[in-house]
Amino acid sequence: MAFRRRTPIALGAVALLLAASSAAFVWDEARKEVVYLCANFTPGTAERSVIRQLDTAHFLRRERRTRATAVTILVDSAWNLGRHRCVIELDGHGIVRRAGLE
């Protein structure tokens with residue numbers, strides 16, 4: 001009888017542990033995508049190359065802000081609540097001026 005009462009509790013604990021492990025894995029993968037890709041965007045990189053690299057990511061979201069003389073691309077991930085964010089500043093010719101984490 002005691003075994004039957006403990007089985008649902010044990011299954012619930014295992015399910016909770018698996019869910020937490022999966023969430024931690026996805027959180028870390030999303031973080032790594034932002035951090036590692038942002039390091040690739042050195043001054044002089046073409047916007048086309050930046051977009052091509054960003055398109056390889058699975059967990060990223062990006063926003064493009066256009067001003068009169070420059071473009072800013074903001075990259076983060078909803079999977080880690082936007083905690084890690086890459087800001088890529090492009091000049092008027094679509095060349096990276098600066099990229100870094102915020």
Side-chain angles (χ1 to χ4, degrees):
M1 271 296 193
F3 177 73
R4 289 185 185 193
R5 279 185 277 184
R6 291 184 190 160
T7 301
I9 294 171
L11 289 175
V14 168
L16 186 61
L17 181 63
L18 287 173
S21 296
S22 297
F25 174 77
V26 170
W27 178 285
D28 190 51
E29 288 299 310
R31 178 196 64 82
K32 286 192 284 188
E33 278 190 351
V34 172
V35 171
Y36 294 138
L37 280 174
C38 196
N40 288 341
F41 308 134
T42 57
T45 304
E47 180 180 9
R48 185 176 54 234
S49 176
V50 171
I51 300 303
R52 189 173 48 245
Q53 289 180 59
L54 292 175
D55 285 344
T56 65
H58 299 287
F59 300 107
L60 297 185
R61 60 184 176 187
R62 68 176 177 246
E63 177 184 346
R64 180 188 170 101
R65 294 182 183 169
T66 305
R67 296 180 303 214
T69 59
V71 172
T72 302
I73 300 173
L74 305 171
V75 180
D76 68 359
S77 177
W79 291 94
N80 60 19
L81 307 175
R83 180 171 174 168
H84 305 282
R85 184 164 123 175
C86 179
V87 177
I88 307 158
E89 296 176 3
L90 306 169
D91 65 13
H93 302 289
I95 303 298
V96 174
R97 281 193 319 204
R98 185 189 80 79
L101 294 172
E102 285 189 350

Let me confirm one number: the CD-CH2 distance from Glu29 to Trp79, rounded to the nearest 0.5 Å.
12.5 Å
Can you check whether Phe59's main-chain N or O pairs, donor with acceptor, with Ser77's side chain at less than 3.5 Å?
yes
If you measure from CD on Gln53 to CZ on Arg48, what distance do you get to the nearest 0.5 Å?
12.5 Å
Quick check for you: to the nearest 0.5 Å, what is the distance between Thr66 atom OG1 and Leu90 atom CG?
9.5 Å
Let me confirm one number: the CZ-CD1 distance from Arg98 to Ile88, rounded to the nearest 0.5 Å.
10.0 Å
Over all atoms of both residues, closest heavy-atom pair of His58 and Glu33
N-OE2, 2.9 Å
Would a 4.5 Å heavy-atom cut-off, applied to side chains only, mark Val14 and Leu17 as touching?
no
Is it true that Arg65 and Glu63 have a side-chain N and a carboxylate O under 4.0 angstrom from each other?
yes
State, yes or no, whether a side-chain contact exists between Thr45 and Val50 at a heavy-atom distance under 4.5 Å.
yes
Closest non-hydrogen atoms of Arg83 and Trp27, given as atom of the first, atom of the second and distance, are CD-CZ2, 4.1 Å
Nearest heavy-atom approach of Cys86 to Val34 is N-CG1, 4.0 Å
So which heavy atom on Ile95 is nearest to which on Ala46, and how close?
CD1-CA, 4.1 Å
Measuring from atom CG of Asp76 to atom CG of Leu101, what distance do you get when rounded to the nearest 0.5 angstrom?
11.5 Å
Are Val71 and Leu54 connected into the same hydrophobic cluster when the rule is that any two of I, L, V, M, F, W, Y join if their side-chain heavy atoms are below 4.5 Å apart?
yes
Quick one: are Asp91 and Val96 in side-chain contact, heavy atoms under 4.5 Å?
no
When rounded to the nearest 0.5 angstrom, what is the spacing between CG in Leu74 and CZ in Arg61?
10.5 Å
Minimum-distance pair of heavy atoms, taken over all atoms of Ile51 and Arg62:
CG2-NH2, 3.8 Å
Is there a side-chain contact between Thr72 and Val87 in this structure, where contact means two heavy atoms from C-beta onward sitting under 4.5 Å apart?
yes
Decide yes or no for Val75 and Arg85: does some side-chain heavy atom of the first lie under 4.5 Å from some side-chain heavy atom of the second?
no
Report the C-alpha separation of Arg31 and Asp28 in whole Å, then their side-chain angles, then the decisive distance to 0.1 Å, and conclude whether the salt bridge (Lys or Arg N to Asp or Glu O under 4.0 Å) test is met.
CA-CA 5 Å; Arg31 178 196 64 82; Asp28 190 51; 3.0 Å; yes
Kindly indicate whether the side chain of Thr56, heavy atoms from C-beta on, has any atom under 4.5 Å from the side chain of Arg52.
no
